[in-house]
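Right, one structure below, let's go through it.
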Amino acid sequence: MNLSAIDLNLLVALDQLLEHRSVRGAARAAGVTPSAMSHTLGRLRAHFGDELLVGAGAGLVATPRAEALAVPVREALDGVRRALEPPARFDPSTCARAFRVVCTDHISTVLLPRVAAALRAGAPGVALHERPLFPTLMDELRAGEVDVALGVFPDALPEMRGRRLFWDGFVTVCRPDHPRLRDGELTLERFLEEGHLLVAPRGTPVGAIDEVLAGRGLTRRIVRTVPNFLSALWQVGDGDLLLTVSRRLVAEVAGRLPLRVLPTPLPVPTYTLMAIWHPRVDGAPEHLWFRGLLSSAAADLSREG
């Protein structure tokens with residue numbers, strides 16, 4: 001049967017008629033006149049090709065066809081009512097689910113520990129599953145296989161929703177006893193002469209620094225690329241390479257790694273880290289709450305400088 005061929009209100013009327021076995025009683029329950037309910041019964045009979053309810057003394061009795069319809073119609077209407085009810089108030093303290101977050105280890109180190117602490121305090125049943133960046137990210141956001149992605153997304157699809165989280169900038173680091181930087185001064189000339197370690201999460205051996213240099217007609221010598229920020233911070237301490245990387249990340253690991261922190265000798269603009277998600281989950285209560293948690297953690301991070 002084509003569902004578009006029947007008015008849902010007819011099924012509501014049929015349910016009332018089968019419950020009350022009276023046109024007058026069904027009309028009273030539905031808030032319509034007996035004449036209107038009698039007309040609706042006529043439409044139901046025409047639609048189903050059956051009398052459905054026939055007179056028997058002061059009331060009506062159901063035909064076998066109507067009796068067969070009674071339970072399925074009631075269950076179908078109950079299902080529609082449940083589907084149209086407003087969602088229950090979301091309570092993070094009783095939530096038991098996982099949020100799947102795509103990010104680099106930069107954000108995993110700088111932002112997500114704050115989110116994890118908030119989860120432990122207010123939503124102990126919520127798990128946080130982190131995944132690295134991957135080429136099919138947009139497809140997986142669309143399919144619901146990822147809840148939110150965190151990072152810089154210049155190529156995000158127009159359909160995606162987004163929210164700014166926090167800004168970051170760059171500093172340049174090297175090992176403390178770098179043989180050509182013992183005086184602690186890093187000029188642009190020296191910067192261009194030295195070899196560089198580049199973090200390339202997406203595998204592209206060009207970063208924001210290279211774009212700024214290209215605008216000046218300059219290039220630097222990239223000796224090695226790695227996919228992870230923390231790995232780069234560890235490795236730069238074992239050689240003579242320079243690493244230009246997140247100011248916030250360096251501040252987070254300061255004192256744990258033997259690094260010398262130097263101002264990057266060219267004006268590099270700050271950049272904004274974003275959260276992006278698919279509109280299919282835009283209004284879901286648990287997603288709204290989780291995105292609020294990300295924003296609160298980012299605000300705390302920004303207040304710290």
Side-chain angles (χ1 to χ4, degrees), residues 82-83 85-153 155-157 159-168 199 201-203 226-234 245-246 248-253 256-257 272-304:
R82 287 193 299 271
E85 287 176 355
R89 182 178 178 276
F90 177 68
D91 182 1
S93 67
T94 61
C95 181
R97 61 155 292 171
F99 284 94
R100 298 152 299 180
V101 177
V102 169
C103 64
T104 64
D105 58 331
H106 165 206
I107 293 179
S108 179
T109 303
V110 170
L111 180 69
L112 292 188
R114 292 167 170 80
V115 175
L119 292 177
R120 289 194 300 271
V126 174
L128 187 62
H129 295 331
E130 300 176 31
R131 298 177 58 181
L133 291 172
F134 45 88
T136 58
L137 170 60
M138 297 300 161
D139 291 334
E140 299 204 18
L141 279 168
R142 184 186 291 117
E145 296 172 10
V146 169
D147 294 302
V148 63
L150 310 177
V152 180
F153 300 104
D155 301 322
L157 297 177
E159 70 192 80
M160 296 298 169
R161 301 288 190 266
R163 176 184 297 173
R164 294 177 180 176
L165 292 177
F166 64 95
W167 65 271
D168 206 343
V199 182
R202 295 178 175 85
V226 294
N228 301 313
F229 291 91
L230 290 176
S231 173
L233 287 169
W234 276 103
V245 71
S246 155
R248 292 188 186 276
L249 180 60
V250 171
E252 193 71 32
V253 302
R256 306 181 197 182
L257 296 175
T272 300
L273 283 301
M274 301 279 296
I276 64 169
W277 62 92
H278 193 270
R280 65 191 296 276
V281 297
D282 203 36
E286 65 273 23
H287 283 264
L288 286 168
W289 166 78
F290 184 70
R291 296 197 302 268
L293 208 63
L294 290 170
S295 293
S296 295
D300 290 343
L301 184 63
S302 296
R303 279 191 290 270
E304 294 170 11

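All values derive from a computational prediction rather than experimental measurement.
Between D155 and R202 there is no salt bridge, since no side-chain N of the basic residue sits under 4.0 Å from a carboxylate O of the acidic one.
Atom-to-atom distance recorded for L233:CG and L230:CG is 6.0 Å, nearest 0.5 angstrom. The CZ atom of F153 sits 6.0 Å away from atom CE of M138, with the distance rounded to the nearest 0.5 Å. For the atom pair CG of L141 and CG of L157, the computed distance is 8.5 Å after rounding to the nearest 0.5 Å. For the atom pair E286 CD and R291 CZ, the distance stands at 9.5 Å (nearest 0.5 Å).
Using a 4.5 Å heavy-atom cutoff, the side chains of L165 and S295 are in contact. Put simply, the side chain of F134 does not reach to within 4.5 Å of the side chain of D139, judged on heavy atoms. When side chains are defined from C-beta on, P201 counts as touching F229, because their heavy atoms get closer than 4.5 Å. Side-chain contact between H106 and L273: present, with at least one pair of heavy atoms (C-beta onward) separated by less than 4.5 Å. Proximity of I276 to R161: side-chain heavy atoms (C-beta onward) are nowhere separated by under 4.5 Å. For the pair L301/R248, a side-chain contact is recorded, criterion being any heavy-atom separation below 4.5 Å from C-beta on.
Not a single donor-acceptor pair under 3.5 Å links the side chain of R131 to the backbone N or O of C103. Judged purely by atom type and a 3.5 angstrom limit, S231 has no side-chain atom pairing as donor or acceptor with the backbone of N228.
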With side chain to side chain contact (heavy atoms under 4.5 Å, CB included) as the test, would you mind laying out the steps for F166 and L294 before giving the verdict? CA-CA 10 Å; F166 64 95; L294 290 170; over 6 Å; no

After noting the C-alpha distance and the side-chain angles of M274 and R163, does the key distance pass the side chain to side chain contact (heavy atoms under 4.5 Å, CB included) rule? CA-CA 6 Å; M274 301 279 296; R163 176 184 297 173; 5.7 Å; no

For R142 and E159: C-alpha separation, side-chain torsions, deciding distance, then whether side chain to side chain contact (heavy atoms under 4.5 Å, CB included) applies. CA-CA 9 Å; R142 184 186 291 117; E159 70 192 80; 3.1 Å; yes

Before you tell me yes or no, could you show the steps for W277 and H287 under side chain to side chain contact (heavy atoms under 4.5 Å, CB included), namely the whole-Å CA-CA distance, both residues' side-chain angles and the distance that decides it to 0.1 Å? CA-CA 10 Å; W277 62 92; H287 283 264; over 6 Å; no

If you apply the rule side chain to side chain donor-acceptor pair (under 3.5 Å), what do you find for E130 with S108, and how did you get there? CA-CA 8 Å; E130 300 176 31; S108 179; 2.6 Å; yes

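The two residues V245 and L249 make their nearest non-hydrogen contact at CG2-CD2, 4.4 Å.
Between W289 and F99, the angle of the ring planes lies from 30° to 60°, which puts this pair in the tilted group.
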Identify all side-chain donor-acceptor contacts of residues 143-152 below 3.5 Å with residues at least two apart in sequence or on another chain.
from	atom 1	to	atom 2	distance (Å)
D147	OD1	R97	NH2	3.2
D147	OD1	R100	NH2	3.2
D147	OD2	R97	NH2	3.1
D147	OD2	R100	N	2.7
D147	OD2	R100	NE	3.2

Side-chain donor-acceptor pairs of residues 111-118 under 3.5 Å, sequence neighbours excluded:
from	atom 1	to	atom 2	distance (Å)
R114	NH1	V110	O	2.6
R114	NH2	E304	OE1	2.5
R114	NH2	E304	OE2	3.4

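Crowding of W234 atom CH2: a count of heavy atoms from other residues, nucleotides or ligands under 6.0 Å not exceeding 12.
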